[in-house]
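See structure below.
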Amino acid sequence: MLSIKDLRVAFNTRRGLVEAVRGVHLELKKGEILGVVGESGSGKSVTSYALMKILDQGGKITQGDMVYSGIDLAAASEKDMGEIRGREISMIFQNPRAALNPIRKVGHQIEDVLCQHAQATRYTARAKAIEALEAVKIKDAEARYDAYPFELSGGMCQRIVIAIALACNPRILIADEPTTGLDITTQKAVMDLVQELIRERQMSAILITHDLGLATEYCDRISVMRNGEIVEEGAPLDLFTKPAHAYTKKLVKATPSLGRDLRDLLTDTDLPPLSPHQISDIPLMEVKNLKKTYQGKSGPVDAVKGISFDIYKGQTVGLVGESGCGKSTTSSMLVRLLDSTEGQILFEGKDLSEVAAKDFAKDPRRTDIQMVFQDATDSLNPRFTARQSIADPIRRLIGLKNRALGDRIEELADLVGLPRHLLDRFPHQLSGGQKARVGIARAISVNPKFLILDEPTAALDVSIQAIVLNLLADLRAKLGMSFLFVSHDLHVVRLLSDYIIVMRDGDIVEQGPCEEVMSSPKSDYTRELLGAAPTIAVAAPAA
Amino acid sequence: MTATDQVQVVTPKSKNGHMAHFGYVLRENPVTLLAFLLFAFFILSALFAEYLVPYDPLASDASDVLNPPSFDHWFGTDALGRDVFSRVMVATRLDLLIALSAVSLSFVVGSVLGAAAGYWGGKLDMVMSRLLDTIMAFPIFVLAMGIVAALGNTIENIIYATAIINVPFYARLVRAEVNIRRDAGFVHAAKLSGNSDLRVLAMHIFPNTLPPMMVQISLNLGWAILNAAGLSFIGLGVRPPTPEWGIMVAEGANFIVSGEWWLALFPGLWLMLAVFTFNLLGDGLRDLVDPRQRS
């Protein structure tokens, strides 16, 4: 149905021509779902852009054949491509909100593509658009027709994007990271829907993702990409159980799943086994009936509705929940960036909420409570080098200067495994994993007793995630800190946590020791969260 | 030991980086190169023209009036027999001085007002924004005329007037740039690092607003020169016989009808070149102060 042979794509950059795709072969059969799996920079998205001929300026297909049922896409004119896009091959993108026009009603956006490809006239467009909305299982499609994208949730927006992509009954659907950024239960709903629609209409699809687990669950065949080349191809289970290529092995190992420990995620490591960390029975932080109420336009909104829990010295507590459950609000209050409305936060027996958040910068306890932020890129000042970023808290809170400061920064860089020569680079010159290390070095630079980790690996590739999680575990054992690990992913939280708290709608629905919550969850919601994550029902391969 | 070694190794390297980056910006964009060359020319004229010009810009010569450009007088002579070339070159200093001081003043004041409004928001923001809107609602040149007429006809007052009418542009730009970064991750991180609100604003957020500000500054330098020349042209501001482009154009305009075109043309040409230079300079300056342009 679709075949790509020896595709090469090069980009013109400041450092000369860079090849992003280097000789890719792909075959897509009728009715098949092909997974293209790779980490960032592997060229998986560029391949799909080249196929649709929507490469950025500076990108050029230098070589290769792309044939779609007899039509040579490489030679097709822009006019012909306009006909093919949307009608024969269509695409859904990573960020559904960015893919929709924010100031047009979603119904009209579906009509646009219908009229563009002459699938509807002015008179039938509305009915067909509503039909398309119903096809993606949007309840009350008539009413949703008049909605604007901002009025819909992320999952709903992605359904609209799928409706637009499928409106003209294309033969091939290319899904580029369709569920990244969505909650795990939404991810499952969206992927189930896509799979069902594809089967029903006997379409073919290419699923581009970084998540091997997701691809294994939904694809018929998987190609693993790395540095612009396909390193391995095969049936999902075979790939997962008997990976042949070293890179696939590494990827399979790094994917967190049940029954794996932190060290299991790493390939060829010479790290010693995890040293156990000491948990004392003295509480470090006691949270009592903590509440946060925002003044919304339509009355007060309770973001956190009176939660209580304890964190002991040396303990790692996992805080799990989906977006909007109040976990970020809770961590902001604990780290004193946000004032609480009600309740107590006792830190070593003294109430933190007595000091206003804006005055806490001067509080002596500032050094004790630090945070590693979710997005390493956003949390580093773009005008500061790594060295300046790490130096800032040491200067301000401890007052080290000159040589002592330089020594401390280098000690920290060694501790988090950041090569010293990278210290004088700006954030945009560092990779995601390196930025994460800078963020961690900054947070531990003042020897905090309590460290909040706000989705520290959410933006990282799985192999980097494995390394960062192990680094955090080693630091915990070495420095004896308590962690609050905030994440939406139970399988990641499990790896590091001793105790787990599950939140939903500003309330705690379940809390308990890690093993207990994972093996015998008491609440339905926890079970739903556990079930939604793609699981691979095979034994871990012997490496 | 290692620390000092490191510092020594790092310093020349980073300096080298700045020079290399400057070179890259110039090489990458020939327009920027042209702008920087012209800018260098104007700066050198401002500094040294006084000592290099062939004639005293104020010395009149009754035997040599209203002569067209010649080998002796490149830009001709005016009604009092003064050398137009010397006057045009010497005027560079005064015009640049007015423009640069006015723009620096409005940059500083506008940045402080805008940054405060953007960071703290609320009532402060509302009062400030409405106040600045009020200033912007006036036709700016009329406002400048009013200020100079009311305060008196001195160079300082031209600078103040030009600065006041430009403040709202800086304040609005900074306000918007600060506002979008108020809740960025690095701002929270800076607070956790023990920075007070004022420090976070001044040391962490404000420097990030510089790239778009550079474009504004360079455009503004052009406007400021035009504005100062305009004020002098209508008789408010610098007074004759001081050489200044605006006055020279005004004086020369009377003679265009009778065919002595060189009196108005050359100062006008220099005025145009200066504005042109500053307008071109913007993109280059922005690329220079943006570390993301560095690879």
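So you know, we letter chains A, B, ... as the sequences are listed, proteins then strands, and number each from 1.
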Original post:
Going by residue number, which parts of residues 208-227 of chain B are within reach of chain A, meaning a heavy-atom gap below 4.5 Å?
Top reply: B:N208, B:L210, B:P211

Original post:
Which heavy atom of A:R396 sits nearest a heavy atom of B:S193, and at what distance?
Top reply: CB-O, 3.1 Å

Subject >> Contacting moiety of A:V372, where chain B heavy atoms sit under 4.5 Å >> reply: neither

Original post:
Which answer fits A:F360, side chain, backbone, both or neither, if we ask what part of it has an atom under 4.5 Å from a heavy atom of chain B?
Top reply: neither

Subject >> Contacting moiety of A:L380, where chain B heavy atoms sit under 4.5 Å >> reply: backbone

Subject >> Student check: side-chain heavy atoms of B:H204 and A:D392 closer than 4.5 Å >> reply: yes

**OP:** Return the option, out of A:R366, A:Q374, A:R336, A:M371, with the maximum number of heavy-atom pairs under 4.5 Å with chain B.
**Re:** A:R366

Subject >> Which atoms of A:D375 approach chain B - backbone, side chain, both or neither, heavy atom under 4.5 Å >> reply: neither

Subject >> Contact origin within B:R181 toward chain A - heavy atom pairs under 4.5 Å >> reply: neither

**OP:** Grab the two heavy atoms, one from A:Q370 and one from B:L192, that are nearest each other, plus how far apart they are.
**Re:** NE2-O, 2.9 Å

**OP:** Please tell me if the side chains of B:F186 and A:P382 come closer than 4.5 Å, counting only heavy atoms from C-beta onward.
**Re:** yes

Original post:
Within a radius of less than 6.0 Å around CE of B:M136, do more than 12 heavy atoms belonging to other residues, nucleotides or ligands occur?
Top reply: yes

Original post:
Looking at A:S379, A:S445, A:A357, which makes the most heavy-atom pairs under 4.5 Å with chain B?
Top reply: A:S379

**OP:** Take the angle between the ring planes of A:F373 and B:H188 and call it parallel below 30°, perpendicular above 60°, tilted in between.
**Re:** parallel

Subject >> Within 6.0 angstrom of B:Y160 OH, more than 12 heavy atoms from elsewhere >> reply: no

